[in-house]
Q: 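Let me give you the structure first, and then I'll get to my questions.
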Amino acid sequence: MDIARSLRFPSRNPNWLFSLVVWALLMLGVVTAPLAIGYLVRVVRNVARGNEFLPSYADKIQLYGDGLRVWLAGAFFVLPIIAAILINEFCGNPLRDSDAGLLSFFAACGSAVLGQMLQSIYLAILVFLMPLIFLCVAYSPNWYAGFNFALMRRLLTNHVFDYVFMVLVAYAVSSLGSLGFFAFIIGAMITIPYVTFCVAHMYGSFLLQSLHEDDV
């Protein structure tokens, strides 16, 4: 994977600044966010096909559909975390329960610690699962692509170490986007989309590497 090429990817388009601002504005709205997510899917798909330029925002219906497929799959896999937080909240905090016996108190504390550990493990799994959702939606037009574990396994076959490396680099690069907040909101509206497009290019490059070009 050519990381330097991915980092230069957004600026190779003559209208790259316009594309960044439009994407940032779309992400600000609840209704328009799927369009922005779908645009990232299109970037991944285009790069996997050998197209190194930022796509247009044309065909908004397809963009919205792709974005919804990613969003629904991502929301489904995040549900266990939300459920765990709600259960912990409604079941109460053992430190607040003054009527509980000592044994019950320690049992509740142990359950809370175990629950936190399981949540941390699941969050780590999600870190590596979310990019696969993007890759599957970019590759397959099926509505259930984000849940296609067979396709996920195919994408990872013989490329597990490359995938882990890509995800770690992608998250490291994504963290750089927050530097734009030092230039207030306007700066973040440039840096965050820029690094996000760089990450999308990494995903597309991995997809091109994992599957034969004629299959994409």
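Note that the structure is predicted; figures quoted are calculated from it, not measured.
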Q: How far does CG of Asn15 sit from OG of Ser56, to the nearest 0.5 angstrom?
A: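 Output value for this atom pair is 10.5 Å.
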Q: Roughly how far, to the nearest 0.5 Å, is OG of Ser175 from OH of Tyr171?
A: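 That separation rounds to 11.5 Å.
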Q: Determine whether a donor-acceptor pair (N or O, by modelled atom type, separation under 3.5 Å) exists between the side chain of Arg42 and the backbone of Tyr57.
A: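 Flag not set: sc Arg42 to bb Tyr57 has no pair under 3.5 Å.
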Q: Testing the basics here: between Leu151 and Ser140, what is the closest heavy-atom pair and its distance to 0.1 Å?
A: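 Looking at all heavy atoms of both residues, the closest pair is CD2-CB, 4.1 Å.
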Q: Run the side chain to side chain contact (heavy atoms under 4.5 Å, CB included) check on Phe9 and Trp16 step by step: do they pass?
A: CA-CA 9 Å; Phe9 164 68; Trp16 64 276; over 6 Å; no
Q: Locate the shortest heavy-atom distance separating Met202 from Ser6; write the atom from each residue and the value.
A: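 Heavy atoms only, the tightest pair is CG-OG, 3.6 Å.
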Q: So, does Arg12 use its side chain to make a donor-acceptor pair with the main chain of Arg5 at under 3.5 Å?
A: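 Present.
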Q: Check whether any side-chain N or O of His201 sits under 3.5 Å from a backbone N or O of Val199 as a donor-acceptor pair, and report yes or no.
A: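 Absent.
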Q: For Leu54, is there any backbone N or O sitting under 3.5 Å from a side-chain donor or acceptor partner on Asn13?
A: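 Answer holds: yes.
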Q: Keeping the roles fixed (side chain from Tyr163, backbone from Phe206), state whether a donor-acceptor pair exists under 3.5 Å.
A: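 A pair under 3.5 Å: no.
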Q: State whether the number of non-hydrogen atoms from other residues, nucleotides or ligands found under 6.0 Å of Leu28 atom CG is greater than 12.
A: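 Yes, enclosed.
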Q: According to a 4.5 Å side-chain heavy-atom criterion applied to Ile, Leu, Val, Met, Phe, Trp and Tyr, with indirect links allowed, do Val169 and Val160 form part of one hydrophobic cluster?
A: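 Yes; Val160 is reachable from Val169 via cluster members.
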Q: When rounded to the nearest 0.5 angstrom, what is the spacing between NZ in Lys60 and CG in Leu26?
A: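 The NZ atom of Lys60 sits 9.0 Å away from the CG atom of Leu26.
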Q: Can you name the closest pair of heavy atoms from Gly204 and Val47 and give their distance?
A: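 For Gly204 versus Val47, the nearest heavy atoms are C-CG1, 3.7 Å.
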Q: Rounded to the nearest 0.5 Å, what separation is found between the CG atom of Leu155 and the CG atom of Leu207?
A: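 One finds 6.0 Å between CG of Leu155 and CG of Leu207.
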Q: Any idea which heavy atoms bring Gly146 and Ile133 closest together, and the distance?
A: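 Shortest heavy-atom contact: O-CG1, 4.0 Å.
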Q: Any chain of hydrophobic side-chain contacts (each under 4.5 Å) joining Tyr144 to Phe76?
A: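 Looking at the clustering, Phe76 is in a separate group from Tyr144.
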Q: Are Phe149 and Val78 connected, step by step, through hydrophobic side chains (Ile, Leu, Val, Met, Phe, Trp, Tyr) whose heavy atoms are closer than 4.5 Å?
A: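 Yes, same cluster.
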Q: In terms of relative ring orientation, are Phe134 and Tyr203 parallel, tilted or perpendicular, with 30° and 60° separating the classes?
A: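 Aromatic pair Phe134/Tyr203 classed tilted.
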Q: Could you give me the CA-CA distance, side-chain angles and deciding distance for Ile37 and Asp66, then say whether side chain to side chain contact (heavy atoms under 4.5 Å, CB included) is met?
A: CA-CA 8 Å; Ile37 298 173; Asp66 287 341; over 6 Å; no
Q: Roughly how far apart are Thr32 OG1 and Leu25 CG, rounded to 0.5 Å?
A: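 Rounded to the nearest 0.5 Å, the OG1-CG separation comes out at 8.5 Å.
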Q: When you look at Phe128 and Leu168, which way does the side chain to side chain contact (heavy atoms under 4.5 Å, CB included) test go after all the steps?
A: CA-CA 9 Å; Phe128 290 94; Leu168 294 178; 4.2 Å; yes
Q: Any donor-acceptor pair under 3.5 Å linking the side chain of Arg69 with the backbone of Asn142?
A: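 Flag set: sc Arg69 to bb Asn142 pair under 3.5 Å.
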Q: In Å and rounded to the nearest 0.5 Å, what is the CG to CG distance from Leu40 to Leu35?
A: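 The distance works out to 11.5 Å.
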Q: Can you tell if the side chain of Met27 reaches within under 4.5 Å of the side chain of Thr196, non-hydrogen atoms only?
A: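 No, their side chains stay 4.5 Å or more apart.
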Q: May I ask whether Leu208 and Phe53 are part of the same hydrophobic cluster, defined by side-chain heavy atoms of I, L, V, M, F, W, Y residues being less than 4.5 angstrom apart, directly or through others?
A: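 Different clusters: Leu208 never reaches Phe53 through Ile, Leu, Val, Met, Phe, Trp or Tyr contacts under 4.5 Å.
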Q: Are side-chain heavy atoms of Trp71 and Pro34 found at a separation under 4.5 Å?
A: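 SC-SC contact between Trp71 and Pro34 ruled out.
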Q: So Leu135 and Tyr139, side chain to side chain contact (heavy atoms under 4.5 Å, CB included) or not? Walk me through it.
A: CA-CA 6 Å; Leu135 294 174; Tyr139 174 75; over 6 Å; no
Q: State, to 0.1 Å, how close Val127 and Val167 come at their nearest heavy-atom pair, and which atoms those are.
A: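 Of all heavy-atom pairs spanning Val127 and Val167, the closest is O-CG1, 3.8 Å.
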Q: I'd like to know if the side chain of Ser11 and the backbone of Arg8 have a donor-acceptor N/O pair within less than 3.5 Å.
A: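 Answer holds: yes.
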Q: Under 4.5 Å between side-chain heavy atoms, hopping through other hydrophobics if needed: is there a path connecting Ile125 to Phe161?
A: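 Each belongs to a different hydrophobic cluster.
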Q: Looking only at heavy atoms, what is the nearest atom pair of Phe197 and Pro10, with distance?
A: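 Smallest interatomic distance, heavy atoms only, reads CB-CG, 3.8 Å.
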